[in-house]
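See structure below.
Keep in mind that the numbers below use all heavy atoms, side chains included, and drop hydrogens, waters and symmetry copies. Naming: A, B, ... by sequence-line order, numbering from 1 per chain.
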Amino acid sequence: MIQAPKGTYDLLPADQGARQLLESHAQRILAAAGYSRIETPAFESTELFARGVGAATDIVQKEMYSFDDGGGRSLTLRPEGTAPVCRAYIEHGMHKLPAPVKLWYLSAFFRAENPQRGRHRQFWQVGAEVIGAAGPEADAELIVLLAELLEAMGVSGTRLRLASLGQPETRGAYRAELTEYLHAHSESLSAEVRARIELNPMRAFDASDPGTRAVMAAAPKLIDRLAEEDAGHFAAVRELLDAAGLRYEIDPTLVRGLDYYTRTLFEFTSDALGAQSGVGGGGRYDRLIEQLGGQPTPGIGWAAGVERILLAAPARPRAAEVVDLLVAVADRDAHGARAAAFEVAREARRAGLAAQLELTGRSLKSALKHADRLGARYVAIVNDAEQSVLRDMTGGEQRELAAGAVVAAILRGSRL
RNA sequence: GUGGGCGUAGCUCAGCUGGUAGAGCUCCUGGUUGUGGUCCAGGCGGUCGCCGGUUCGAAUCCGGUCGCUCACCCCA
C-alpha cells in the first residue's frame, strides 16, 4: 500500500471544520487591524533561505527539501514564511505602498525533521508580518494580535515569553562573552552543556542540573548588554504590553533558530502540548529586507503552528452539513423519471437549496434511509416526468405533486 | 539523525505458552407489489505494515525495514 510520505497527513473532511474556524478567526482579527492576505509560492530559490534564514541555522543545514529544477537552479520547499514574504515585498516594490505594509498568510511549510506530535514535515502556519514600521507599537500590536487569535481559538495554558536580542553585533559580542564565561567555569557544568558550549552556549540557561544552574545564575545576560536604543525600544514594547494587560515573562534564554531576528523576540507556549510546547512566536527582523537586496527596511512578524493551535484548543464537534432535499427516483426505468429527478435537483440548487441527487441507484427504501442519515429535510420521490411525491422527513407527511412544483412547494416552506 | 513504545477489517479492539483470523460499530442488501429513523437477517471487507529467518506449520518466535508515537535535538 502506498502511504502518505513520512511526516505528512491528509486533511480529511472531518478535519475541515476546525481549520476553517482558525482561518476565519485569523481573517477577522488580522483584517480588522489592516492586514492583507498574501500567498507566496510553495518553493523558492534555495538562496533565499540560505541568505534570509541563515546558512548556519538548523533549518538551512539539515531540514530543507532542496532539489534541482532540471535547469540547473536549486529550489527549496519553503521551510518558513518570513523570507518569502520579504522577497515578495522587494520584488513587487511594496515600499511604494503606504507604510507599513501589513500582511498575513496561512500556508503549508516543509521541514525534513523527525516527526512527532505537533511536528510534521509538511505543516501549516498562520503568520503575520509588518514591514516598514520600526516603532515599538508594531511589536506590541503584533503580539497582542497573536494573543487574541490564540484566545479566540481557546488555546489553553498559554504563556508569553519575551526577550530582546539587540543588534547582531551586540549578540555576537555577547555570545563571545558567554562562551568565555562558560569555558572559565566548565568544571562545574554538566557534560552535555560543556560539549555544546561552542555549538549553542545559550542552551546552558535551560539546563536542570544544580552545577550548571549555579554557574548560570551568575552568567552575563544579553539583556544587560543591549545598546541604549535597543533597551529603550524593549522597554517601550513592555510598557505597551503592560498597558494592554497582557501577561508575559522576560526570558533572557529565549532563543530562536533563525538568524534574522533583531531586538524583540517572543514566543507563546501552551502546557497542553508536551515537548513541542511552542504554539507561535516571532520577532523583529530589521536587517532582513536589506540582506535580501532591498532598501534598509524594518520588519517584524510572527508565525503560529496550525497543528499546535488545534492540538491545544478544545475539540469541537463537527457541525452537520445541511441537506434541504434529496431527490430520488421511485423506479429508475420509469419513462422520464431520471431526467425529471435530475432537473428537480438542478432547479432546487438554483433556488438556493442544498439539494442532493441520489446517485447510486439504490432502492427507494435505501434512499430514504440514506436521506435520514444525511439529515435531509425533504425527499422528493420522482415517479416519472410529471408525477412526484414530496416527503417531509421531520414528520413523515407527504403529498403528491408535479415534479416541476417540488421546489416551489419547499420554498413555500411549509407544511405539506 | 539517536533512543524507548506501538503497528490485526474503514473505525475501536480481541486473538499471541506457534496450527493457515474474530467481535462491535460503519457500509451494502433484504425483511412479500415501490417510503427512513427502532428491530431482525444476510453480505462486502484483512497477503494480521512490509521483507526475510527459525519451524512440518507464524498474526503469534527472531532479524531487518517502513510508518505512527514519545523523548533528545530543534522549531510553529
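Across C44(B) and U29(B), the matching P atoms stand 15 Å from one another, rounded to whole Å.
As the counterpart of G63(B), C51(B) is assigned, both hydrogen-bonding distances of the Watson-Crick or G-U wobble pattern falling under 3.5 Å. Across all strands shown, the partner of G22(B) is C13(B), judged by Watson-Crick or G-U wobble contacts whose two distances both fall under 3.5 Å. Taking a pair to require two hydrogen-bonding distances under 3.5 Å in either a Watson-Crick or a G-U wobble arrangement, G37(B) remains unpaired.
Rounded to an integer number of Å, the gap from CG of L273(A) to C1' of C74(B) is 15 Å. One interatomic measurement links the two molecules: NZ of K365(A) to C1' of C28(B), which rounds to 13 Å at whole-angstrom precision.
Considering only side-chain N and O atoms, R119(A) lies nowhere under 4.0 angstrom from the phosphate OP1 or OP2 of U69(B). Contact check, S366(A) against G30(B): a side-chain N or O comes under 4.0 Å of OP1 or OP2.
Once the 5.5 Å centre distance and the 30° plane angle are applied, the aromatic ring of F109(A) is found not to be stacked with the base of A76(B).
Considering all non-hydrogen atoms of both residues, L241(A) and Y248(A) come closest at CB-CE2, 3.8 Å.
In this structure, R238(A) satisfies the cation-pi test against F234(A), with its NZ or CZ atom closer than 6.0 Å to the six-membered ring centre and inside 45 degrees of the ring normal. Both tests hold for R78(A) against F109(A): distance to the six-membered ring centre under 6.0 Å, angle to the ring axis within 45°.
Closest to the side chain of S363(A), from the set C68(B), G30(B), U35(B), is G30(B).
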